[in-house]
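The structure under discussion appears below in the form of structure tokens.
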Amino acid sequence: MDAQRSFQVSPETEKFLCQQLLDQNQPISERFRALFSLRNLRGAAPRNALIQATRDTSNLLAHEAAFALGQMQDSEAIPALETVLNDLSLHPIVRHEAAEALGAIGLERNIALLKQSLASDPAQEVRETCELALSRIEEMKNTTISESSPFLSVDPAAPATCSSLRELREVLLNEKKSMYERYAALFALRNLGEDEAISAIVESLGANSALLRHEVAYVLGQLQNKKASDALSDVLRDVNEHPMVRHEAAEALGSIADNRCIALLEEFAKDPEPIVSQSCEVALSMLDFERSGKSFEYLFMQTPQVQQAS
């Protein structure tokens with residue numbers, strides 16, 4: 001969990017990170033560096049900067065800010081996340097992340113907020129996220145969900161407990177199962193991590209739900225397995241696919257990072273859909289930092305001034 005990876009920084013560094021995140025004149029990759037750093041901090045200033053970023057003109061940055069607030073599990077962010085969820089002028093990808101964040105925070109008071117959007121939001125991906133978040137909160141009330149993930153993430157569903165890979169695959173691919181059951185199977189397969197499990201996850205990129213497809217691509221990025229690169233490349237190339245799915249495919253290809261993946265990211269960094277092109281830009285920037293032996297996050301440097309010179 002991010003709560004286990006929080007850091008202390010100087011007030012000057014904290015102020016710099018907040019300003020960098022919200023400065024629309026900065027390249028999107030630099031703003032993401034600040035965002036990834038701020039989600040490891042606690043307190044009013046990082047929280048308020050991330051809340052303000054949920055209204056950014058970049059839908060990619062706005063959705064990532066909402067995601068970060070959920071990963072931080074900061075209950076003080078609930079009123080702002082409710083406002084984002086209810087604002088139909090915002091892109092569905094941003095509203096979706098607000099709903100997921102409310103599920104990640106997991107408090108019972110979030111149930112009414114999520115039920116309202118489940119009944120009224122016009123976007124299927126948002127309604128499905130509300131359904132998923134409600135199931136997660138109910139599961140937390142009735143059982144003890146272990147928040148420990150081998151990938152240090154607060155997942156939208158607890159991994160399924162059944163041990164049969166065949167059963168997990170059947171649930172994941174079954175269009176009649178609930179979204180929570182399919183997510184639970186997905187995370188259980190991810191945690192197994194063996195070739196047959198990865199094949200089942202790749203197969204589920206053909207699911208009817210764009211929400212599920214986007215989470216599948218996200219999980220394949222966590223796994224960083226080259227066996228998924230062809231399927232993810234096909235997703236990124238598909239201009240008719242939902243931008244949220246293509247975005248996750250781009251990030252996953254950046255995690256796999258072989259030469260073919262890099263060439264594809266460079267090509268689609270010019271995509272007319274900003275959610276996709278900016279995802280490719282951020283993924284390429286992260287790779288550049290990795291190759292140079294530096295951290296993409298600002299927090300590992302000594303001062304903001306050093307950061308600006310890097």
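No hydrogens, no waters, no symmetry mates; every other heavy atom, side chains included, goes into these values. Keep in mind it's a predicted model, so treat the numbers as computed, not measured.
L253 and S229 make their closest contact through CD2-O, 3.8 Å (heavy atoms, listed as atom of the first residue, atom of the second, distance). When all heavy atoms of V245 and V235 are compared, the pair lying nearest together is CG1-CG1, 3.7 Å. Closest of all the heavy-atom pairs between P92 and V126 is O-CG2, 3.6 Å. A pairwise comparison of heavy atoms in P79 and S75 identifies CD-O, 4.2 Å as the closest pair. Of all heavy-atom pairs between F32 and F296, the closest is C-CE2, 4.0 Å.
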Check against salt bridge (Lys or Arg N to Asp or Glu O under 4.0 Å), R246 and D271: CA-CA 11 Å; R246 296 179 70 208; D271 195 271; 2.7 Å; yes
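When atom types are taken as modelled, the side chain of S204 and the backbone of A207 share no donor-acceptor pair closer than 3.5 angstrom. Put simply, the side chain of E175 gets close to the backbone of N208: a donor and an acceptor are under 3.5 Å apart. Here the side chain of D155 pairs no donor or acceptor atom with the backbone of A158 at under 3.5 angstrom.
Between H247 and H63, the side chains place a donor N or O and an acceptor N or O closer than 3.5 Å (distance only, hydrogens not considered). Between the side chains of S135 and E138, no donor-acceptor pair of N or O atoms lies under 3.5 Å. Counted by atom type alone, S255 and Q222 present zero donor-acceptor pairs between their side chains at under 3.5 Å. For the residue pair Y180 and E139, no side-chain donor N or O sits within less than 3.5 Å of a side-chain acceptor on the partner. For the residue pair S153 and Q71, no side-chain donor N or O sits within less than 3.5 Å of a side-chain acceptor on the partner.
Using a cut-off of 4.0 Å between Lys/Arg side-chain N and Asp/Glu carboxylate O, D87 and R55 are scored as salt-bridged.
For CD of Q52, the number of neighbouring non-hydrogen atoms (other residues, nucleotides, ligands) closer than 6.0 Å is 12 at most.
Using a 4.5 Å heavy-atom threshold, the side chains of R182 and N174 count as separate.
With a 6.0 Å cutoff to the six-membered ring centre and a 45° limit on the axis angle, R291 does not count as a cation-pi contact of F289.
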